[in-house]
Amino acid sequence: MTVLVVSTLLVLAGCATDEPTTGASGSPSAGTGSGTGKQSKFFVRADYDKQLALLDTAPTGPAGKPWEQALDPAMVKTSKFKKPGPHKICFSNAGLNNPWRQVGFKTMQAEVDTHRDRISEFVHVDAEGKDQKQIADINDLLGKGCHALIVSPNTTATLTPAVEAACRKGLPVIVFDRGVDTTCPVTFINPIGGYGFGHVAAEFVSQKMKRGGKVLALRILPGVDVLETRWAAAKVAFDQAGVDVVGVEFTDGDPARTKKIVNDYIQRYGTIDGVWMDAGAVAGAAVEAFEDAGKPVPPINGEDQLDFLKLWKDKKLTAIAPTYPTYQWRTPIIAALKILDGERVPNPWKLPQPTITEDNLDEYVDPTMPPLHYAMCGCTDLPGYPKRWK
């Protein structure tokens with residue numbers, strides 16, 4: 001959550017979502033049942049079932065290198081894209097507007113550095129969280145002589161036509177992190193996905209609180225598939241557990257806004273029995289809001305951001321951290337080179353998605369790294385570690 005996957009401080013643009021009806025105060029209005037509202041338009045039962053099954057699937061690939069591993073891979077041919085190197089690889093990035101994406105991009109750049117004999121030029125364009133800028137960026141890159149195009153879309157539906165236009169140019173297109181509504185890219189790379197993340201977090205929170213207890217759900221923004229499916233899976237778990245979701249609020253990924261939202265709900269309800277988050281970058285702010293109000297921190301999920309992991313350990317929180325590992329930023333570079341060599345690659349390329357629990361927390365808390373670093377960077381073997389990430 002990075003990714004998780006995670007995106008903050010973005011313009012709230014893109015697809016409409018089916019959120020609970022909210023009153024003037026921002027809390028769900030009467031008549032929404034458990035407070036989870038209608039199911040998201042992004043929810044696909046078959047995909048949900050498959051992702052939950054993948055949580056228990058053993059990966060194939062090199063041991064100790066989860067960024068090169070795959071879960072239940074279906075290999076596709078890429079021989080038509082084979083060409084001699086060195087190669088110019090282009091990357092259209094949704095943004096660098098949150099710590100998860102910043103850590104991920106540093107990891108990607110370091111991966112590029114390990115292939116300097118094969119990569120003549122690496123071109124990165126930052127869309128700054130703006131759909132229209134990313135559409136223009138992709139269109140511009142199509143005239144720049146790229147040998148392969150990597151895209152991390154800002155939002156799903158709005159960026160689909162731009163990705164399809166790139167595919168029509170005959171370029172091998174690699175989509176990662178967030179998806180698009182087309183099958184034209186050679187591969188779509190991401191960990192198990194939003195359903196897995198949302199389910200793990202919601203199931204934990206539900207099990208650690210009383211039945212019928214009050215849950216506050218904190219979200220980042222609408223219209224991004226990985227975030228929508230996180231909430232869709234959480235809705236299923238919360239409905240089954242019979243908890244009372246008293247609020248579904250968008251934080252904009254802003255710690256100050258997060259603290260205000262949590263404080264408002266504490267003042268309104270007195271007790272909040274659980275907090276679920278679709279991205280963990282502001283989990284620390286949520287914890288601080290309870291502490292500032294003199295209230296115990298209820299069961300909560302975050303991600304593998306070190307500030308949250310340290311708070312969890314120091315405060316002995318009841319917590320869990322499903323992850324959307326930043327090591328996935330290595331994989332598109334590896335995939336691009338494989339495709340340009342004409343090698344088969346998985347499509348979709350599903351990476352392992354570990355969960356941090358109380359039992360393995362100590363393995364991931366690293367006091368030598370910055371608070372906004374992500375433990376699942378997969379970067380310790382890359383050039384410039386640790387200085388590059390500090």
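Side chains are part of it too, since the values below use all heavy atoms of this structure and drop only hydrogens, waters and symmetry mates.
- Using a 4.5 Å heavy-atom threshold, the side chains of Pro332 and Met108 count as touching.
- Side-chain atoms of Thr160 come within 3.5 Å of backbone atoms of Asp181 as a donor-acceptor pair (strictly under, hydrogens ignored).
- Defined by atom type and a distance below 3.5 Å, a donor-acceptor pair is missing between the side-chain atoms of Asp137 and Ser92.
- Counting heavy atoms from C-beta outward, Asp292 and Asn263 have side chains that stay 4.5 Å or more apart.
- Using a distance-only test at 3.5 Å, with no hydrogens or angles considered, no donor-acceptor pair links the side chain of Lys65 to the main chain of Gly378.
- Screening Val200, Val236, Asp47 for a side chain to side chain contact (heavy atoms under 4.5 Å, CB included) involving Tyr195 leaves a single residue, Asp47.
- Contact record, Ala148 with Leu340: CB-CD1, 4.1 Å, taken as the closest heavy-atom pair.
- The residue from Arg219, Lys41, Arg178 that alone fulfils the salt bridge (Lys or Arg N to Asp or Glu O under 4.0 Å) condition with Glu228 is Arg219.
- The side-chain heavy atoms of Val275 and Pro298, taken from C-beta on, include a pair separated by under 4.5 Å.
- In the hydrophobic cluster analysis, where Ile, Leu, Val, Met, Phe, Trp and Tyr join through side-chain heavy atoms closer than 4.5 angstrom, Met75 is grouped apart from Leu337.
- Aromatic rings from Trp276 and Trp231 are positioned such that their centres are separated by under 6.0 Å.
- A donor-acceptor pair under 3.5 Å is absent between the side-chain atoms of Arg330 and the main chain of Glu111, judged by distance alone.
- For Phe176 and Phe91, the distance between ring centers is under 6.0 angstrom.
- Asp126 is not listed as a side-chain neighbour of Phe105, based on a closest heavy-atom distance of 4.5 Å or more.
- Under 3.5 Å, the side chains of Thr36 and Asp239 contain a donor-acceptor pair of N or O atoms.
- Looking only at distances, a side-chain donor or acceptor of Asn301 sits under 3.5 Å from a matching main-chain atom of Met277.
- Evaluation of the disulfide (SG to SG under 2.5 Å) test over residues 337-390, restricted to residues two or more places apart or in two chains, returns Cys377-Cys379.
- A distance of 12.0 Å separates CD in Glu363 from CG in Leu309, rounded to the nearest 0.5 Å.
- Between the side chain of Asp304 and the backbone N or O of Met376 there is at least one donor-acceptor pair closer than 3.5 Å.
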Any chance you could lay out the side chain to side chain contact (heavy atoms under 4.5 Å, CB included) test for Leu55 and His199, step after step, and finish with the verdict?
CA-CA 10 Å; Leu55 290 170; His199 168 81; 4.2 Å; yes
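- Atoms CG and OH, on Leu227 and Tyr324 in that order, are 8.5 Å from each other to the nearest 0.5 Å.
- Taken from CD1 in Ile261 to OG1 in Thr258, the straight-line distance is 6.0 Å, to the nearest 0.5 Å.
- Relative ring orientation between Phe122 and His124 is described as parallel, the plane-to-plane angle staying below 30° on a 0-90° scale split at 30° and 60°.
- Taking the six-membered ring where tryptophan is involved, the planes of Phe308 and Trp312 are tilted, since the angle between them lies from 30° to 60°.
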Exercise. Dump the intermediate steps for side chain to side chain contact (heavy atoms under 4.5 Å, CB included) on Leu218 and Val262, then the final yes or no.
Key: CA-CA 9 Å; Leu218 299 175; Val262 174; 4.0 Å; yes
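- A distance-only check finds a donor-acceptor pair linking the side chain of Gln102 to the backbone of Leu96 [under 3.5 Å].
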Side chain to side chain contact (heavy atoms under 4.5 Å, CB included) between Ile189 and Val345: does it pass, once the steps are laid out?
CA-CA 10 Å; Ile189 299 165; Val345 296; over 6 Å; no
Exercise for review: Test side chain to side chain contact (heavy atoms under 4.5 Å, CB included) on Gln51 and Phe197 and set out the steps.
Suggested key: CA-CA 9 Å; Gln51 284 194 21; Phe197 183 109; over 6 Å; no
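- The shortest non-hydrogen separation linking Gln305 to Pro371 is CG-O, 3.6 Å.
- Connection of Trp100 to Leu372 is not established within any shared hydrophobic cluster, with ILVMFWY side chains joined at heavy-atom distances below 4.5 Å, either directly or through further cluster members.
- Put simply, Leu52 and Val44 are part of the same group of oily side chains (I, L, V, M, F, W, Y) that touch within less than 4.5 Å, one to the next.
- Other members of the cluster containing Ile138 are Val123, Val125, Ile135, Leu141, Leu142, Leu149, Val151, Leu159, Val163, Leu171, Val173, Val175, Val180, Phe188, with ILVMFWY side chains joined at under 4.5 Å, either directly or via other members.
- In terms of heavy-atom proximity, Ile300 sits nearest to Ala283 at CD1-O, 4.3 Å.
- For Glu358, the CD atom is loosely surrounded, since the number of other residues' heavy atoms within 6.0 Å does not exceed 12.
- Between the side chain of Thr187 and the backbone N or O of Pro346, at least one donor-acceptor pair lies under 3.5 Å.
- Atom OG1 of residue Thr331 and atom CG of residue Asp177 lie 11.5 Å apart, to the nearest 0.5 angstrom.
- A donor-acceptor pair is defined here as one N or O able to donate and one able to accept, closer than 3.5 Å; no such pair exists between the side chain of Thr107 and the backbone of Tyr327.
- No more than 12 heavy atoms of other residues, nucleotides or ligands sit less than 6.0 Å from atom NZ of Lys310.
- In terms of modelled atom types and a separation under 3.5 Å, the side chain of Lys313 and the main chain of Asp362 share no donor-acceptor contact.
- What you find for Lys83 and His87 is that their closest heavy atoms are O-CE1, 3.2 Å.
- Ile339 and Pro172 get closest at one heavy-atom pair: CG2-CB, 3.7 Å.
- Summarising the geometry of Ile220 relative to Ala279, their closest heavy-atom pair is CG1-CB, 3.5 Å, with the distance given to 0.1 Å.
- To the nearest 0.5 Å, the span separating CG on Asn98 from CG on Asp254 amounts to 12.5 Å.
- Here the side chain of Asp225 pairs a donor or acceptor atom with the backbone of Gly179 at under 3.5 angstrom.
- The OH atom of Tyr374 sits 8.5 Å away from the OG1 atom of Thr326 when rounded to the nearest 0.5 Å.
- Within the structure, the side-chain hydrogen bond (donor to acceptor under 3.5 Å, both in side chains) test picks out the following pairs touching residues 340-353 (sequence neighbours left out): Arg118-Asp341, Asn190-Lys350, Lys338-Glu343.
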